[in-house]
Protein chains: 4
Amino acid sequence: MKKYSEKETRILDTAAEMFANQAFHKVLLSDVAHAARVGKGTLYLYFKNKDDLYFAVLFRGFSILVENLKKFTENQDLSPTEKIQCIIREMAGFMFMRATNAHLLSRVMHFPEDGEWQDKRTELWSLIQEVIEEGVATGEFKDSCPRYTAQYIPSFIRSISIFPPEGLDHEHFCAHACKFVLKALTPE
Amino acid sequence: MKKYSEKETRILDTAAEMFANQAFHKVLLSDVAHAARVGKGTLYLYFKNKDDLYFAVLFRGFSILVENLKKFTENQDLSPTEKIQCIIREMAGFMFMRATNAHLLSRVMHFPEDGEWQDKRTELWSLIQEVIEEGVATGEFKDSCPRYTAQYIPSFIRSISIFPPEGLDHEHFCAHACKFVLKALTPE
Amino acid sequence: MKKYSEKETRILDTAAEMFANQAFHKVLLSDVAHAARVGKGTLYLYFKNKDDLYFAVLFRGFSILVENLKKFTENQDLSPTEKIQCIIREMAGFMFMRATNAHLLSRVMHFPEDGEWQDKRTELWSLIQEVIEEGVATGEFKDSCPRYTAQYIPSFIRSISIFPPEGLDHEHFCAHACKFVLKALTPE
Amino acid sequence: MKKYSEKETRILDTAAEMFANQAFHKVLLSDVAHAARVGKGTLYLYFKNKDDLYFAVLFRGFSILVENLKKFTENQDLSPTEKIQCIIREMAGFMFMRATNAHLLSRVMHFPEDGEWQDKRTELWSLIQEVIEEGVATGEFKDSCPRYTAQYIPSFIRSISIFPPEGLDHEHFCAHACKFVLKALTPE
DNA sequence: AATGAATGAGTGTTCATTCAT
DNA sequence: AATGAATGAACACTCATTCAT
């Protein structure tokens, strides 16, 4: 995980907030600078240009999520079923905690297919895929193609967190999502 | 369904292609006009401004999909299970047919929460939701919250069509997605 | 000679005036546009960027001078001595007519050694060189290296026109310059 | 002659090099500081601002030349003819020694007409003018306006040193320039 | 209806200058 | 004295939009 200075962090936090709430071209660097309480020129000390800042914002957000998920997937004490539950709850928590997170994660998905992003996205999916494959190996799950399933899970959490249905309850949603996925993965 | 003139259609097709492949602010109206073989001023005869054109592009794409899906959901001869299968196959077909479709649909999802879009999105979800509720009513399905599930389904397909895993096979994916959803909806 | 549209000419004239009177970085494109009574964007319809406009201004000025000189050098009725006199008078006239001309011509001389400028400068010098060589051939002149002399002539006219000595009289200067050069070229 | 500290000299040398090779606005103070191996802030300990540094660079170069020329013009043992020869050789040597010198001298000539530069330029021309007048007084030279001639001479040398003709030979050029000028100054 | 030359508000980016250390 | 991170005024350039033809 890349380390950011205090000022860099402040800029990234501010920019994340703004990019999450408005389209790229509506976010003015002068506003970002102002909101982050730094000079406009200072942005350019830390980021090559607007695109680069945008990239850094998304990348950091995504990296934090992946890092958090690893805590569960690498935990030897959890069964695959428990891991799936933890992953869904963690992702949902991450996205609901700050609207910013969900929106930004969503943006990651739009990024041009350059290698770095492809790798980053794949990192998330692989994490989930491995858990499913572990479950298949132990006989807890059945899935003819875990790779697809690994991609399904983030997609619907994202969808629900961006477009929360009328009267959405966080716990209720997590429970439904877990049940839905685990049911689909049940053997026999 | 709104009717478009030949020239209007050409503009929308061209713009759809371009908006699908680049971010909003990277798409220049002069490029759109050139690619659509019309004058720049002509765009303004048909669309109020750039936002309006963007809106029209997404709206048309989305409407086509919804219209296509209605053919299945309103078909009295299909069981809920069959309808779900048809919906998944139709959506997947729509998105895989032209990359443009998947990308644009994806954009729809990011649109600011103005009422018109909320309604449009809800139209798609409701279509699916009703099929699930129909299945629940007949006892074919069990789902504690069909509204969530209705939102999950398009999100899967979108994710896979935008980020096709290595060696993706269309038919293979449709089969997997159908099985996954139907398994999750199986009663007991 | 390149042909310029009415508006292009207006821009070039305005810009010439401004570039002649201020350093490159002090000339603001917004001022140029305003002074030329066109929109800022219009400048970019005719010139790729600020450098390109600057280049065009200098190039046009230089081309006009060269063109004017050709009228004399190609005139079969003039003797080499007369041609030298005409050249000196024409160049001096050109530069004194508008301070702009002298200053711009001066700038030409600072231009990086890219091929196009090298050619353009050489065109001027060659014109003069040929006249001297013609005189050497007829025995009117003696010069061990006309190429050097050809370069001397524009240089001192430029110097005097940019830094006119106290109480400079145009006619007086032309007479002095002609006498000076012709004396130096006298055989024996 | 102003005395410069070791660090000041390093800055001036570096800046001279850079100003000689690029336009004023293309020379960045950060580059100058870096190349001179001092902090950017340090420049401001020695020079009020960028203009001041530029000024100092030109001024120093010019002063050195004038100083060198004085050694000849004030030498009582040289005849006016010899002095002219020495002046031409010295100036040519100065400019050919380092391209920097010629280019900077050239810049001096473009400086806005503020008094200090006018004086400095006049100092050079006056030096030469006095030599010519001395020659006229002794009958060695004939010149209806030595002031003009004094201005011609540096302009020749500058032109040739900045735009050296194909296959230029230093000694050959000096000889030609001396002969040219002396011939033009020959009485009768 | 159709055009594209003209526009200028708006914005990203640069870079001379400052000042806390 | 020396530094270089921080600044923001200043500016080049873009591009959606208009309008005369």
Side-chain angles (χ1 to χ4, degrees), chain A residues 5-8 11 24-34 36-54, chain B residues 5-8 11 24-34 36-54, chain C residues 5-8 11 24-34 36-54, chain D residues 5-8 11 24-34 36-54:
Chain A
S5 74
E6 189 274 322
K7 191 165 292 197
E8 216 167 349
I11 294 171
F24 181 85
H25 69 286
K26 298 250 180 178
V27 174
L28 308 193
L29 289 193
S30 48
D31 291 346
V32 173
H34 182 78
R37 286 164 293 122
V38 298
K40 203 160 18 145
T42 307
L43 299 182
Y44 287 84
L45 291 180
Y46 296 100
F47 306 97
K48 213 163 62 263
N49 53 35
K50 190 179 177 180
D51 278 340
D52 190 50
L53 173 60
Y54 185 61
Chain B
S5 76
E6 189 274 321
K7 192 169 286 196
E8 217 167 346
I11 293 172
F24 180 84
H25 70 285
K26 299 246 177 176
V27 174
L28 309 191
L29 289 194
S30 50
D31 290 347
V32 173
H34 181 79
R37 287 166 291 122
V38 298
K40 215 177 340 165
T42 308
L43 298 181
Y44 286 83
L45 294 177
Y46 297 99
F47 306 97
K48 209 163 71 261
N49 54 34
K50 188 180 179 182
D51 279 339
D52 189 50
L53 172 60
Y54 185 61
Chain C
S5 74
E6 190 274 321
K7 191 165 291 194
E8 215 168 349
I11 293 171
F24 181 85
H25 68 286
K26 298 249 181 179
V27 174
L28 308 193
L29 289 194
S30 50
D31 291 347
V32 173
H34 181 79
R37 288 167 290 122
V38 297
K40 211 178 344 160
T42 307
L43 299 181
Y44 288 85
L45 290 181
Y46 296 100
F47 307 97
K48 215 168 55 264
N49 53 35
K50 189 178 177 180
D51 279 339
D52 188 49
L53 171 60
Y54 185 61
Chain D
S5 75
E6 189 273 324
K7 190 167 291 195
E8 217 167 348
I11 293 171
F24 181 83
H25 70 284
K26 298 244 179 179
V27 174
L28 308 191
L29 289 194
S30 51
D31 290 347
V32 173
H34 181 80
R37 286 166 291 123
V38 298
K40 213 174 346 160
T42 307
L43 299 180
Y44 286 84
L45 294 177
Y46 296 99
F47 306 96
K48 207 162 70 263
N49 53 36
K50 188 179 178 182
D51 279 338
D52 189 50
L53 171 60
Y54 185 61

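In what follows, every heavy atom counts, from backbone to side chain, and hydrogens, waters and symmetry copies are set aside. Small disclaimer: the values here were computed from a predicted structure and weren't measured. First the proteins, then the strands, lettered A, B, ... as listed; each starts at 1.
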* Asked: Could you give the distance from NZ (A:Lys40) to CG (A:Leu29), rounded to the nearest 0.5 Å?
  ->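 Rounded to the nearest 0.5 Å, the NZ-CG separation comes out at 8.0 Å.
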* **Interatomic distance, D:Asp52 atom CG to D:Tyr46 atom OH [nearest 0.5 angstrom]** =>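 The CG atom of D:Asp52 sits 14.0 Å away from the OH atom of D:Tyr46.
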* Does C:Thr42 make a side-chain N or O approach to OP1 or OP2 of E:dT7 shorter than 4.0 Å? ->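 Yes.
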If I take atom [atom1] in residue [X] and atom [atom2] in nucleotide [N], what distance separates them, rounded to the nearest angstrom?
X: B:His25; N: E:dT11; atom1: NE2; atom2: P; result: 13 Å
X: B:Lys26; N: F:dT14; atom1: NZ; atom2: P; result: 13 Å
X: B:Tyr54; N: F:dA16; atom1: OH; atom2: P; result: 14 Å
X: C:Ile11; N: E:dA5; atom1: CD1; atom2: P; result: 14 Å
X: C:Asn49; N: F:dT14; atom1: CG; atom2: P; result: 8 Å
X: D:Glu8; N: F:dA1; atom1: CD; atom2: C1'; result: 13 Å
X: C:Phe47; N: F:dT14; atom1: CZ; atom2: C1'; result: 18 Å
X: C:Leu53; N: F:dC13; atom1: CG; atom2: P; result: 10 Å

* Name the residue closer to the 5' end of DNA chain F, choosing between B:Leu29 and A:Lys7 according to the nucleotide with the nearest heavy atom. =>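 Closer to the 5' end of DNA chain F: A:Lys7.
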* Scan A:Val32 against the nucleic acid and name what it touches under 4.0 Å (heavy atoms): base, sugar-phosphate only, or nothing. =>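 Here A:Val32 touches no strand at all.
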* Assign C:Tyr46 to base, sugar-phosphate, or nothing according to its heavy-atom contacts below 4.0 angstrom with the strands shown. =>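 Contact class for C:Tyr46: sugar-phosphate only.
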Could you please name the option among [options] that lies closest to any side-chain atom of [X]?
X: C:Leu28; options: E:dT7, F:dC11, F:dC15; result: F:dC11
X: A:Lys50; options: F:dA5, E:dG12, F:dC13; result: E:dG12
X: A:Tyr44; options: F:dT17, E:dA16, E:dT14; result: E:dT14

* **Cationic tip of A:Lys26 above B:Phe24 ring, under 6.0 Å, 45° of axis** =>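 Checked: cation-pi criterion not met.
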* Asked: Toward the 5' end of DNA chain E, which comes first, D:Lys40 or B:Val38, by nearest nucleotide?
  ->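 So the residue in question is B:Val38.
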* Side-chain heavy atoms of A:Ile11 within contact of A:Phe47, under 4.5 Å ->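 Touching, per the 4.5 Å side-chain cut-off.
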* Asked: What heavy-atom pair brings A:His25 and B:His25 nearest, and what distance separates the two atoms?
  ->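 Answer, listing the atom of A:His25 first, then B:His25: CB-CB, 3.4 Å.
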* Stem list, DNA chain F (Watson-Crick or G-U pairing under 3.5 Å, at least 3 consecutive pairs) ->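 Ordered by first number, the stems with DNA chain F (at least 3 consecutive pairs each) read E:2-21 with F:2-21.
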* Asked: What pairs with A:Leu45 under side chain to side chain contact (heavy atoms under 4.5 Å, CB included), at least two apart in sequence or on another chain?
  ->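 Checked A:Leu45 against side chain to side chain contact (heavy atoms under 4.5 Å, CB included); matches are A:Thr42.
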* Any chance NE2 of C:His34 has more than 12 other-residue heavy atoms, nucleotides or ligands included, within less than 6.0 Å? ->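 Check fails, neighbour count at 12 or below.
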